[in-house]
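I have placed the structure first, in the form of structure tokens, so that the comments after it can refer back to it.
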Protein chains: 2
Amino acid sequence: MNILDELERFEPFRKLSGRGKILLSQGVIRKECSRSTIALNKGQVVSGAYVVVSGRLRVFTLAPNGTEATLYFINPGETCVLALNCLFNDLLYPAWVQAEDNTVITLIPGAIYRRLFEQESTIQNMTVHALSTLVFRLMTELEQMHSSHQKQRLANFILLHASSQGLLQMTQQQIAHHLGTTREVIARLLREFVANGLVRTQRGSLAILDASSLQKLISFPG
Amino acid sequence: MNILDELERFEPFRKLSGRGKILLSQGVIRKECSRSTIALNKGQVVSGAYVVVSGRLRVFTLAPNGTEATLYFINPGETCVLALNCLFNDLLYPAWVQAEDNTVITLIPGAIYRRLFEQESTIQNMTVHALSTLVFRLMTELEQMHSSHQKQRLANFILLHASSQGLLQMTQQQIAHHLGTTREVIARLLREFVANGLVRTQRGSLAILDASSLQKLISFPG
DNA sequence: TTCCCTCTGTATCAGTTGTTACATATCCGG
DNA sequence: CCGGATATGTAACAACTGATACAGAGGGAA
């Protein structure tokens, strides 16, 4: 299975005309990343559009004191919009990106992507849609950040990222990174959640016991 | 001077072909707003693309306790990207918008805008560029929010929004709104700035005395 | 001038968060 | 089963922030 076949699993690329395929084949790169392979650093020149084939990318900022904060995730079939962004505006990449285990990405060189964008309306639509989605995620995150306490944000994060069985397989350190705080703060909040019977904690994971109370907490931090 | 002439002051519209103009003329609306005319409310259905002709729009979120936080401004020639966003994704508007004094906006109905987007590459480019710019602004704001204290954010805000003479004509309440905090906090921080000779405060405005020290403060909150 | 409204200055207190420091627990490999 | 590495639990403190309360100060209108 070559790169183009992989790309064609995703609708915008499946719809490409023959010319699109020819364009695409010129210099598209496939990359396999393992956890902690850093895909892109802040300030780096963006060389093309990234499309996630499998796995997941995490985009985050890094404060001077070392605490991270996740901005958003990039799932299979999605492109890194920030990279698109830089591509179209000749800007340097403004954040850090890390791959989770077994992530495969393809890199479509900038020149090719720009040509595709001009000629293929499905690529145009995908681009606009991806940008729009990101704007929405960022807005939501910003709004949460300025109107919620950590307790609310944690409750929200747990509900949002837990599996359908109510299990969240993450260390407290990882959760802390996502929320832009430290492990101790997460531990303190989780202690309170546990005391109130909202969750159960184990090493490396956490189980929701009372989802509705967690939900209420988001609106009424009481 | 009719609406289309006004729109043509801005490049993307100047470049429109004859057909584009015909499309544009069908139902474009001109609106004049005075301060505190609220252009758009959270949860409202977005009826079209907004282009600012003169004046300025402010987009902000509103926390349950009533504190505002400015997300970004929309200057003449720019469009409200959030509205575009909703337009292309059939979403409800996710924030509040307020006009400053003497702001004139034009409203291009959604159906027309979508057609223009499909047929006119200048409109495509404008849309992508506007979305990209917004993504960048939001990212920057988010990063600042999670890595800076109010002191740093205030110093940054003052430097960024002061006139070339170093004058910032805003009440402390307005500044507080922009940073998502309360007036008293701003007063407390400004007191410190004044004590250190960084700024001078007057009723309704504030003058920068030592820009370079303010700049240093952003990096080293000391 | 005088009244009134808005804007500013200040003090104090409570709540939240980040930091430091250390104890304990769990997992994994040898 | 024994260490080392990693993850968690806990306490105590400092810093920052938001909330409350009130005292002036400035500016405009009658």
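Just so we're on the same page: letters track the sequence lines, and every chain starts at 1.
- Distance, B/His146 NE2 to C/dG18 C1': 13 Å, rounded to whole Å.
- For B/His149, the ring pair (Phe, Tyr, Trp, His ring centres under 6.0 Å) test picks out no residue, with sequence neighbours left out.
- Residue B/Thr67 is classed as having no contact, given no heavy-atom separation below 4.0 Å to the nucleic acid.
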Using the 3.5 Å cut-off, write out each protein N or O paired with an N or O of nucleotides 28-30 of chain C and the distance between them.
none

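- With sequence neighbours left out, B/Gln172 forms a side-chain hydrogen bond (donor to acceptor under 3.5 Å, both in side chains) with no residue at all.
- Annotation: the terminal axes of the helix from C/dT1-D/dA30 to C/dG30-D/dC1 meet at 30°, where each axis is the rotation carrying the C1' atoms of four end pairs onto the next four (5 pairs per end, rounded to 10°).
- Formation of a donor-acceptor pair under 3.5 Å by the B/Ser205 side chain with backbone atoms of B/Gln202 is not found in this model.
- B/Ser147 places a side-chain N or O within 3.5 Å of a backbone atom of B/Glu143 that can act as its donor or acceptor partner.
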**Item:** Step-by-step side-chain contact (heavy atoms from CB on, under 4.5 Å) determination, B/Leu217 to B/Phe193
**Value:** CA-CA 10 Å; B/Leu217 209 57; B/Phe193 286 3; 3.3 Å; yes

Contact string for nucleotides 4-11 of chain C, one letter per nucleotide 5' to 3', B = base within protein heavy-atom range under 4.0 Å, S = sugar-phosphate only, - = neither, reads --BBBBBS

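- Rounding to whole angstrom units, CD1 of residue B/Ile186 and P of D/dT17 are separated by 10 Å.
- Rounded to a whole Å, the NE2 atom of B/His149 is 18 Å from the P atom of C/dT16.
- For D/dG18, one of the phosphate oxygens OP1 or OP2 lies less than 4.0 angstrom from a side-chain nitrogen or oxygen of B/Thr181.
- When rounded to the nearest whole Å, the span between CD1 of A/Ile175 and P of D/dA7 equals 12 Å.
- Remark: the A/Ser148 side chain and the A/Arg153 side chain contain no N/O donor-acceptor pair separated by less than 3.5 Å.
- Whole-Å rounding puts the A/Leu189 CG to D/dG9 C1' distance at 14 Å.
- No side-chain donor-acceptor contact under 3.5 Å links A/Asn125 and A/Thr127.
- We find the CD-CG distance between B/Glu141 and A/Leu138 to be 11.5 Å, quoted to the nearest 0.5 Å.
- The distance from atom NE2 of B/His177 to atom C1' of D/dG18 is 14 Å, rounded to the nearest whole Å.
- In this view, B/His178 and B/Phe73, B/Phe157 satisfy the ring pair (Phe, Tyr, Trp, His ring centres under 6.0 Å) rule, not counting sequence neighbours.
- In this structure, the separation between CG on B/Leu71 and CH2 on B/Trp96 is 10.5 Å, given to the nearest 0.5 Å.
- Counting to the nearest Å, the P atom of D/dA7 and the CD atom of A/Gln174 are 8 Å from each other.
- If you measure from atom CG of A/Leu154 to atom P of C/dT17, you get 10 Å, rounded to the nearest angstrom.
- To the nearest 0.5 Å, atoms CG (B/Leu167) and CZ (B/Arg200) are separated by 8.5 Å.
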